[in-house]
Amino acid sequence: MRTASVTRTTKETQITLSLCLEGGEIQIDTGIGFFDHMLTALAFYAGFGLSLTARGDLHVDPHHTVEDTGIVLGQALREALGDKRGIRRFGAVYIPMDEALCHTVLDFSGRAYLFFEAEMPQAVIGAYDACLTEEFMRAVACNAGITLHISAIRGKNSHHITEALFKSLGAAMKEAVFVTGDSVTSTKGVLA
């Protein structure tokens, strides 16, 4: 079983996360309803089991909670994948949601990089600032060591765009972490 448990405590957030790449229950509680919905969608389409509790300084704003959750999820992905032996490594997915169409291409290369392009027509979705999606994606990519290209090709509704981004990330991760053999998918013999 490829699993990881990570706890992170700062003056701004306290986060506890358990991840199973082979599946399982999904239980999310960050105190930000829309973000819970997005993380649930990500885990579901990735085929992950994910238990996450986050308590942050929401009286300030959701930024620290969202970014730190991305940090912890990225750390858990890195830990659960270990030496990445046997994984497909790459994932590429298009996901539509009504008028929105989003695309994610990623590589669990060990080299962190984010290309993010998604205009958000509405700045706020519930209690979630739409600009935080990029912060979350950056935190995941940097802490998991993923080369991540994620973009909204079109869309007029920030809810639809954001949901398609999270779903496409999950579906691309499902492709990338799928075990196809017993060797490392790299001409160098290592993914680090």
Side-chain angles (χ1 to χ4, degrees), residues 1-10 13 15-28 30 35 38-54 66-95 102-118 133-151 163-192:
M1 293 290 280
R2 299 176 297 166
T3 63
S5 293
V6 178
T7 299
R8 184 173 194 268
T9 300
T10 71
T13 61
I15 300 172
T16 303
L17 182 150
S18 294
L19 173 69
C20 179
L21 302 184
E22 318 306 337
E25 287 188 44
I26 301 169
Q27 297 179 329
I28 311 290
T30 67
F35 189 44
M38 294 303 96
L39 292 170
T40 299
L42 188 161
F44 178 84
Y45 287 98
F48 295 163
L50 181 61
S51 176
L52 169 68
T53 302
V66 173
E67 182 178 32
D68 289 8
T69 297
I71 290 169
V72 172
L73 179 58
Q75 291 171 343
L77 284 163
R78 185 183 289 268
E79 182 182 326
L81 285 169
D83 66 3
K84 303 175 191 148
R85 185 167 302 281
I87 67 166
R88 183 175 285 145
R89 176 180 167 179
F90 302 102
V93 175
Y94 286 92
I95 295 288
C102 295
H103 186 226
T104 296
V105 181
L106 59 80
D107 176 6
F108 276 90
S109 62
R111 295 181 307 278
Y113 181 83
L114 174 68
F115 173 83
F116 181 92
E117 188 172 64
T133 300
E134 183 172 2
E135 299 305 319
F136 173 80
M137 300 298 177
R138 180 176 293 107
V140 171
C142 288
N143 287 275
I146 301 171
T147 297
L148 175 59
H149 291 252
I150 187 164
S151 57
E163 190 161 342
L165 290 169
F166 274 83
K167 286 177 178 177
S168 68
L169 177 62
M173 284 184 174
K174 183 174 187 170
E175 279 188 7
V177 304
F178 184 78
V179 176
T180 61
D182 59 4
S183 61
V184 175
T185 308
S186 172
T187 56
K188 294 181 288 190
V190 64
L191 289 171

Partners passing salt bridge (Lys or Arg N to Asp or Glu O under 4.0 Å) against Lys167 (at least two apart in sequence or in another chain): Glu163
Closest heavy-atom pair and its distance - Ala139, Glu67: CB-O, 3.4 Å
Without swapping roles, check the side chain of [X] against the backbone of [Y] for a donor-acceptor pair under 3.5 Å.
| X | Y | result |
| --- | --- | --- |
| Thr147 | Arg111 | yes |
| Glu25 | Ser51 | no |
| Arg88 | Thr180 | no |
| Arg2 | Val177 | yes |

State, with a plain yes or no, whether a side-chain heavy atom of [X] is found less than 4.5 Å away from one of [Y].
| X | Y | value |
| --- | --- | --- |
| Asp68 | Ile71 | yes |
| Lys174 | Phe48 | no |
| Thr133 | Phe166 | yes |
| Ile15 | Val6 | no |

Enclosure of Glu22 CD (heavy-atom neighbours >12, cutoff 6.0 Å): yes
Residues, nucleotides or ligands: over 12 heavy atoms within 6.0 Å of Phe116 CZ: yes
Option passing side chain to side chain contact (heavy atoms under 4.5 Å, CB included) with Leu165 (candidates Ile150, Ile95, Thr104): Ile150
Spacing of Asp182 atom CG and Arg85 atom CZ [to the nearest 0.5 Å]: 7.5 Å
From Met173 atom CE to Leu42 atom CG, the distance as rounded to the nearest 0.5 Å: 6.0 Å
